[in-house]
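Note that the structure is a prediction, hence the values are computed from the model and not measured. Chain letters run A, B, ... following the sequence lines, proteins first, then strands; residues in each count from 1.
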Number of protein chains: 2
Amino acid sequence: MGDDSPSRRVRADAERSTARILEAAEAVLAVDSTASLERIADAAGLARATVHRRFATRAALLEALAEQLSGRYLLGLAEARVKTAPPLVALHRVTEFVLGLRSDHRFALQLTEARTPEVLDGLDTLFARLRDTGAVTAAEPAWSRRVYLALLCEVYELPADSAALGPGAAADETAAKADLLVRTTLGALGGSHDTAALSPSGR
Amino acid sequence: MGDDSPSRRVRADAERSTARILEAAEAVLAVDSTASLERIADAAGLARATVHRRFATRAALLEALAEQLSGRYLLGLAEARVKTAPPLVALHRVTEFVLGLRSDHRFALQLTEARTPEVLDGLDTLFARLRDTGAVTAAEPAWSRRVYLALLCEVYELPADSAALGPGAAADETAAKADLLVRTTLGALGGSHDTAALSPSGR
DNA sequence: GACAAATGAAACAAGGGTGACTCACTTCTG
DNA sequence: CAGAAGTGAGTCACCCTTGTTTCATTTGTC
């Protein structure tokens with residue numbers, strides 16, 4: 001799916017343009033999901049015609065964007081060893097990974113096509129394992145996943161100096177947010193509050 | 001603000017039209033917030049011209065819609081005695097009231113103008129009182145409010161037969177959802193899990 | 001029943017977004 | 001350096017939405 005036959009070469013700056021378009025699209029659409037292609041092109045520092053050359057239609061651009069976002073999430077799930085690592089550890093790792101992304105998650109999660117079945121399945125198996133461990137009371141993984149994602153958006157948009165993050169949050173914002181999100185999610189889902197065993201000494 | 005001078009009479013069917021427009025707008029815009037006025041008019045069973053007669057511009061319609069929604073929330077807060085009743089009871093009452101509304105809350109909460117300062121303040125004082133009671137650990141009412149509203153959307157969209165609602169949910173769906181939401185919120189915010197004292201025998 | 005209010009249908013102009021195309025120009029790559 | 005790939009700027013047609021207006025018709029209300 002990557003390189004073609006040697007006959008047709010893809011120039012380096014063309015790929016750079018594509019990346020810049022996707023980047024700009026994510027930033028602009030996060031603010032206003034109805035923004036015109038021209039505004040996206042401006043944000044990317046390119047002409048609108050160039051956007052059309054990369055992505056034939058607006059829908060194609062959105063699709064590519066969704067695919068990219070889904071890919072990032074999948075990578076995070078894989079790196080966290082969602083299926084094998086101790087579920088609490090995996091949850092923490094996924095959370096830190098996702099919060100570390102520059103994506104605007106409220107936008108990303110609204111993008112229907114970004115919620116790939118694979119991503120959802122990954123989270124669901126994680127929450128199923130958390131339930132089997134007893135870390136979570138909620139029976140339905142799908143429900144747990146929804147709660148987690150909803151809280152993810154709220155935590156993500158939390159200002160860095162919020163008191164909700166606890167003391168010393170400025171030191172490592174992402175870690176503090178991950179702690180808060182894990183704690184809040186487990187509490188919401190009726191877990192036994194043993195999260196202290198996770199955050200303290202280790203890192 | 002209701003009746004005018006006797007000189008100008010507002011016919012009954014006109015008010016009915018206005019109500020139908022707002023109703024249809026809420027339903028249609030909840031699905032697609034960029035839906036055209038024509039689709040709203042169709043859903044209301046009226047001509048687009050009539051919509052324009054009631055609301056000069058699209059913005060005016062949205063504003064009226066937001067005002068209506070905000071009014072409903074304010075009514076719920078008032079009826080729950082947010083400022084005087086025992087906070088846990090008030091929280092439960094607000095929740096039941098809001099879940100009983102036919103509004104699509106995910107849409108309503110996205111509608112910026114519907115989040116009136118009054119509504120936000122009402123919730124914030126409620127969560128401040130919950131914190132003072134010890135029912136909630138989270139220090140910042142604003143954070144508690146955000147968590148509550150985020151979970152509200154998820155609970156609201158939960159299918160009636162979801163296992164997350166627990167046994168016997170079909171009996172009174174709204175009550176079951178309210179229980180779930182209160183329990184989940186208090187858990188998320190680190191409350192002492194004494195919610196059993198609320199739901200069982202009373203109602 | 002009479003009068004005024006309200007509506008439906010239709011046409012209209014204005015504005016904006018999308019997508020396709022051309023052509024001159026710049027920038028990579030071999 | 002030479003040719004090909006990529007880009008910018010401009011134009012064009014098309015469609016959809018918004019907002020306005022007109023006129024015949026229906027519907028409340030007194």
Side-chain angles (χ1 to χ4, degrees), chain A residues 1-66 107 110-113, chain B residues 2-66 107 110-111 113:
Chain A
M1 196 178 274
D3 324 11
D4 278 19
S5 56
S7 66
R8 190 203 293 182
R9 50 188 176 187
V10 255
R11 241 167 64 176
D13 54 348
E15 288 193 30
R16 234 181 306 140
S17 289
T18 310
R20 282 168 68 181
I21 292 172
L22 286 174
E23 196 176 338
E26 188 184 332
V28 171
L29 293 176
V31 177
D32 174 12
S33 62
T34 70
S36 70
L37 293 184
E38 186 154 29
R39 282 185 50 195
I40 294 175
D42 285 352
L46 298 170
R48 187 169 67 92
T50 304
V51 176
H52 273 291
R53 270 189 279 259
R54 295 292 128 201
F55 306 99
T57 72
R58 180 191 183 88
L61 172 57
L62 289 179
E63 191 183 347
L65 195 50
F107 165 68
Q110 275 174 3
L111 204 55
T112 322
E113 301 133 29
Chain B
D3 324 10
D4 279 18
S5 57
S7 64
R8 190 203 293 182
R9 52 187 175 188
V10 255
R11 241 167 66 175
D13 55 349
E15 287 193 31
R16 233 181 308 138
S17 290
T18 310
R20 282 169 66 181
I21 292 171
L22 286 173
E23 197 176 338
E26 189 183 331
V28 172
L29 293 176
V31 177
D32 174 12
S33 61
T34 70
S36 69
L37 293 183
E38 185 154 28
R39 282 184 48 194
I40 294 175
D42 285 351
L46 298 170
R48 187 170 65 93
T50 304
V51 176
H52 273 291
R53 270 187 279 260
R54 296 292 129 202
F55 307 99
T57 72
R58 181 192 182 86
L61 171 58
L62 289 178
E63 190 182 346
L65 195 51
F107 165 69
Q110 275 176 2
L111 203 56
E113 302 133 29

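- The C1' atoms of five pairs define one axis at each end of the helix from C:dG1-D:dC30 to C:dG30-D:dC1, and these two axes lie 40° apart (to 10°).
- A:Leu65 has its side chain within reach of A:Phe107: a pair of non-hydrogen atoms, C-beta onward, lies under 4.5 Å apart.
- For DNA chain C, the residues of residues 26-45 of chain A within the heavy-atom distance limit of 4.0 Å (strictly under) are A:Ser36, A:Leu37, sorted by number.
- Remark: A:Thr57 pairs with A:Ala59, A:Ala60 by the side-chain contact (heavy atoms from CB on, under 4.5 Å) rule, at least two apart or across chains.
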* Asked: Reading nucleotides 25-30 of chain D 5' to 3', which nucleotides get B (base under 4.0 Å from a protein heavy atom), which S (sugar-phosphate only), which -?
  -> --BSSS

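- With the nearest nucleotide of DNA chain C identified for both B:Ala14 and B:Ala49, B:Ala14 has the one nearer the 5' end.
- Looking at residues two or more places apart in sequence or on another chain, you find a side-chain contact (heavy atoms from CB on, under 4.5 Å) between A:Glu15 and A:Val10.
- Remark: A:Ser17 is in phosphate contact with D:dT7, judged by side-chain N or O atoms under 4.0 Å from OP1 or OP2.
- Minimum heavy-atom separation, B:Val28 to B:Ala43: CG2-CB, 3.5 Å.
- Put simply, the side chain of A:Leu61 reaches to within 4.5 Å of the side chain of A:Leu22, judged on heavy atoms.
- A:Glu63 CD to A:Leu111 CG: the interatomic distance, rounded to the nearest 0.5 Å, is 10.5 Å.
- Listed by first then second residue, pairs satisfying salt bridge (charged side-chain N to carboxylate O under 4.0 Å, His left out) with a partner in residues 51-60 of chain B number zero, not counting sequence neighbours.
- Among residues two or more places apart in sequence or in another chain, the side-chain contact (heavy atoms from CB on, under 4.5 Å) test is passed with B:Gln110 by A:Gln110, B:Arg106.
- Applying the salt bridge (charged side-chain N to carboxylate O under 4.0 Å, His left out) test to residues at least two apart or on different chains, the pairs with a partner in residues 23-52 of chain B are B:Glu26-B:Arg72, B:Asp32-B:Arg39.
- Taking OG1 of B:Thr50 as the start and CG of B:Leu37 as the end, the distance is 12.0 Å to the nearest 0.5 Å.
- Of the inter-residue distances, the one linking B:Glu113 atom CD with B:Leu62 atom CG reads 6.5 Å to the nearest 0.5 angstrom.
- In terms of polar N and O atoms assigned as donor or acceptor, the side chain of B:Arg48 comes within less than 3.5 Å of the base of D:dG19 in a complementary pairing.
- Of all the residues in residues 50-62 of chain A, A:His52, A:Ala56, A:Thr57, A:Arg58 reach under 4.0 Å from DNA chain C with at least one non-hydrogen atom.
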